[in-house]
Amino acid sequence: MKIGFGSDHAGYELKNILKAHLEEKGYECIDYGADGKESVDYPDFGRLVGEKVASKEVDKGVLVCGTGVGISIAANKVKGVRACVCSEPYSAMMSVKHNDANIIAVGARVVGEDLAKLIIDSFFEASFEGGRHQRRVDKICNIEK
Ligand code: RB5
C-alpha cells in the first residue's frame with residue numbers, strides 16, 4: 001500500500017515519526033511536505049494529499065497539524081476524500097470499517113507519539129465492511145455530485 005503524508009509546521013515532527021513507523025512495517029510512504037518547522041499553511045498540504053488520494057496516486061493519506069482539524073477540513077473539500085481526525089484508536093478503526101475513510105488526521109498538539117502510532121495502526125489494520133455501510137458511504141459521495 002502507498003501512503004501519502006502531509007503536515008504543516010506544527011505536525012512536521014510527528015509526521016516524520018509516523019512515516020518512519022509505517023515504513024518499518026513495510027508500507028511505501030511518500031512525503032508531500034511540509035519540509036521543516038517554519039510556518040506554513042495547513043490547507044496547502046491537506047489539499048495536496050487529498051488530491052493525491054482522490055487521483056489514486058496513493059492509496060491512503062496521513063495528515064498532521066496542531067489539532068488535525070484544519071488539515072482534515074481542507075482535505076475533505078477534495079471530491080472523493082473521506083478524512084477523519086482521530087484522537088483514539090477505536091474511532092480510527094471504525095472510520096475505515098464503517099465510513100471507508102481514506103485519510104487519517106491526527107493532532108500533534110493533542111496526542112503523544114505513542115498514542116498517535118496506535119491510532120494510525122488501527123486505521124491501517126482495518127478494512128471496510130461494505131454491505132449497509134456501502135449504501136451510506138454512497139450517500140455521502142452523492143452529496144459531492
Ligand atoms: C497552526 O498554529 C495551527 O493552527 C494548525 O496546526 C492546526 O491546528 C489548525 O487546525
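Start at 1 and go down the list; that is how both ligands and their atoms are numbered. For this chain, numbers begin at 1 and follow the sequence in order.
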Would you call the rings of His98 and His133 parallel, tilted or perpendicular if under 30° counts as parallel and over 60° as perpendicular? parallel
Please tell me whether Leu22 and Leu63 are part of a single hydrophobic cluster in this structure, the criterion being side-chain heavy atoms less than 4.5 Å apart. no
Give the protein residues with at least one non-hydrogen atom closer than 4.0 Å to an atom of ligand 1, ordered by chain and number. Asp8, His9, Ala10, Tyr42, Cys65, Gly66, Thr67, Gly70, Arg109
So CG of Asp44 and CD1 of Ile71: to nearest 0.5 Å the spacing works out to 9.5 Å
Taking Val110 as the starting point, is it possible to reach Val69 by hopping between hydrophobic residues whose side chains are less than 4.5 Å apart? no
When you compare the side chains of Lys145 and Asn142, does any donor N or O come within less than 3.5 Å of an acceptor on the partner? yes
Heavy atoms, side chains only, cut-off 4.5 Å: are Glu57 and Ile30 in contact? no
